[in-house]
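Since this is a predicted model, take the numbers as computed values, not measurements.
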Amino acid sequence: MEYVSANPTGPLHAAHARGAIIGDSLANLLDICGYNVTREYYINDAGKQVEMLARSVFTRYKQALGDTSAEVLEGQYPGEYLKDTAAKLVETHGDTLLHMDEAEWLPLIRQFAIDDMMQSIKSDLERLNIHMDRFSSEHQLVTDGAVDAAMNTLTDKGLIYQGVLEKPKAGNADEWEPREQMLFRSTDFGDDVDRAVKKSDGSWTYFASDIAYHLDKLNRGSDTLINIWGADHGGYVKRMKSAVSAFTGNKDSLNIQLVQLVKLMDGGQQVKMSKRAGTFVTLSDVLDAVGRDILRFIMLTRRADQTMDFDYAEVTTQSRENPVFYVQYAHARASSVLRQDEVAQINMADADLGLLTDSNEMALIRQLASFPRQVEAAGQAFEPHRIAFYLMDLAASFHGLWNKGRDDASLRFITDDPKLTAARLKLVDATAVVIRNGFAILGVEAIKEM
RNA sequence: GGCUCCGUAGCUCAACUGGAUAGAGCAGCUGACUUCUAAUCAGCAGGUUGCAGGUUCGAAUCCUGCCGGAGUCGCCA
């Protein structure tokens with residue numbers, strides 16, 4: 001399973017969190033369903049974007065060394081965070097890079113900047129409780145010849161040719177002119193048009209290296225590839241599935257889950273993620289403000305194919321009303337019951353569960369019993385959000401039962417009757433166990449006291 | 001214009017892959033803390049599931065066409 005895979009040109013921002021959290025929870029879910037899951041991050045560290053990153057850092061580097069004429073140029077990344085990267089660059093290399101030709105400093109700074117960005121990204125993932133099994137490098141696929149090999153394989157299959165594409169239908173394609181280019185015959189596998197694999201400067205397109213990456217995953221023994229992508233990559237699905245089909249002969253070998261975009265808001269106003277101004281809400285900021293559990297739960301309390309407004313002000317100020325607390329409170333309450341002095345005298349192991357006859361108790365038992373089926377269904381549907389909603393329902397039943405005991409003392413968990421108490425404590429314990437297991441899928445912590 | 005996704009209570013969202021009277025939270029109203037934790041609970045009110053057809057014993061769910069919103073549309077990743 002591949003998820004996050006944010007470009008290493010800046011820190012993770014708040015919108016990245018959604019795909020990261022949904023992907024990670026889905027990985028947990030499939031893992032618990034019995035699949036052998038490998039979690040991967042694909043680093044897009046080749047091509048123009050990281051070249052521009054290097055140039056941007058070089059500008060900041062010159063500024064850091066007192067060059068007042070150095071300006072962030074059009075197209076460069078203007079974010080303040082690159083000043084930190086530049087400062088580290090000065091620390092490591094002094095002013096030696098100033099005297100190099102671009103051909104010399106660019107690859108050096110590029111790798112330095114990518115490493116720095118990835119360090120920041122990995123740190124944020126760590127805070128999100130996301131642990132990747134593998135980071136795959138696009139750059140390495142290119143230099144290793146894996147891309148050439150993949151293209152040769154496709155060529156042998158007769159799926160690569162030189163051709164000219166038709167003008168796209170989009171209204172703003174004014175500058176279009178026909179060009180002959182190296183194309184992959186993706187229309188053989190259901191795509192709308194064939195797709196370019198080589199740029200006019202002779203280097204591979206992103207699609208070409210992505211093909212090599214997917215072939216690499218297949219070669220490592222995965223029979224099912226799962227990608228979590230932002231909805232803005234939706235137009236890319238057909239060609240990627242086409243490429244994988246070309247290798248496996250099976251169009252279902254690649255499963256792509258699209259996560260709809262997050263609209264960042266702050267107090268009802270949309271936050272413009274301005275490239276020019278370099279302004280955005282970083283994931284780190286959000287985690288500072290609300291913490292991992294709240295963020296993860298928020299991202300999991302709506303379906304992936306539903307767009308979402310993430311209001312920074314609302315989330316940070318109303319954090320007490322966040323539904324994650326509702327479930328955590330149920331777990332804390334259950335834990336509290338099991339902490340009572342009387343409980344030490346009770347032998348839960350031999351509890352006679354036939355003593356649980358109240359309709360509210362029965363309802364809770366049925367819900368607990370349905371947990372494995374809920375997990376299985378959520379796994380089959382690739383919908384981790386169902387676990388979050390299940391837990392909220394479960395917590396509601398437990399809170400309800402708790403308050404029954406408040407109104408009617410005979411329904412309290414701890415009673416004068418040791419046998420009845422044992423049965424009820426077992427129910428309480430089971431509830432806590434299921435909440436913990438559910439939280440484990442969501443990557444949320446179950447706390448014992450609130 | 002093509003393709004993908006969405007449209008459910010005033011607001012934010014569910015609905016176990018086509019099942020029974022479409023459910024929660026927030027907002028509003030009425031109640032419950034000397035108690036195993038009130039970050040909780042009980043109740044009231046709130047709906048022609050965007051619109052119109054179709055398939056089916058049965059549709060929020062599947063099909064077609066509209067309306068509205070989001071995304072995307074030749075070598076940026």
*asked:* Please compare Arg406(A) and Glu383(A) by the position of their nearest nucleotide in RNA chain B and report the one closer to 5'.
replied: Glu383(A)
*Which residue lies toward the 5' end of RNA chain B, His399(A) or Ala304(A), if each is placed at its nearest nucleotide?*
Ala304(A)
*Determine whether the aromatic ring centres of Phe398(A) and His331(A) lie less than 6.0 Å apart.*
no
Picking from [options], which would you name as closest to the side chain of [X]?
X         : options                   : value
Tyr326(A) : rA15(B), rA32(B), rU40(B) : rU40(B)
Tyr329(A) : rC36(B), rA77(B), rA39(B) : rA39(B)
Arg333(A) : rA77(B), rA38(B), rU17(B) : rA38(B)
Gln49(A)  : rC41(B), rA14(B), rA77(B) : rA77(B)

_Under the salt bridge (charged side-chain N to carboxylate O under 4.0 Å, His left out) test, residues paired with Glu102(A) that sit two or more places apart_ = Arg55(A)
For residues 3-10 of chain A, please give each side-chain donor-acceptor pair under 3.5 Å, one per line with the distance, not counting sequence neighbours.
residue	atom	partner	partner atom	Å
Tyr3(A)	OH	Asp24(A)	OD1	2.7
Ser5(A)	OG	Glu2(A)	OE2	2.8
Ser5(A)	OG	Tyr42(A)	N	2.9

*Could you encode protein contacts along nucleotides 5-12 of chain B as a string, one character per nucleotide from 5' to 3', using B for base contact, S for sugar-phosphate-only contact and - for no contact, with a heavy-atom cut-off of under 4.0 Å?*
SSS----S
*Quick one, give me the B/S/- string for nucleotides 20-27 of chain B, reading 5' to 3', where B means a protein heavy atom under 4.0 Å from the base and S means that only happens at the primed atoms, P, OP1 or OP2.*
--------
*Taking only the side-chain nitrogens and oxygens of Arg424(A), find out if one of them lies under 4.0 Å from OP1 or OP2 of rC36(B).*
no
_Does a side-chain N or O of Lys167(A) approach OP1 or OP2 of rG2(B) to a distance below 4.0 Å, or not?_
no
*Inter-nucleotide C1' distance (rC16(B), rC3(B)), Å rounded*: 31 Å
*Those residues that, when tested against Phe112(A), pass ring pair (Phe, Tyr, Trp, His ring centres under 6.0 Å) (two or more places apart)*: none
*Does Phe135(A) have any ring pair (Phe, Tyr, Trp, His ring centres under 6.0 Å) partners at least two apart in sequence or in another chain, and if so, which?*
Tyr41(A)
*May I ask you to check if Lys198(A) and Trp204(A) form a cation-pi contact, with NZ or CZ under 6.0 angstrom from the six-membered ring centre and within 45° of the axis?*
yes
*Would you mind classifying the nucleic acid contact of Ala332(A) as base, sugar-phosphate or nothing, using non-hydrogen atoms under 4.0 angstrom?*
base
*Looking at every strand, decide which applies to Lys48(A) at a 4.0 Å heavy-atom threshold: base, sugar-phosphate, or nothing.*
sugar-phosphate
*Is a donor on one side and an acceptor on the other found under 3.5 Å between the side chain of Asp144(A) and the backbone of Ala146(A)?*
no
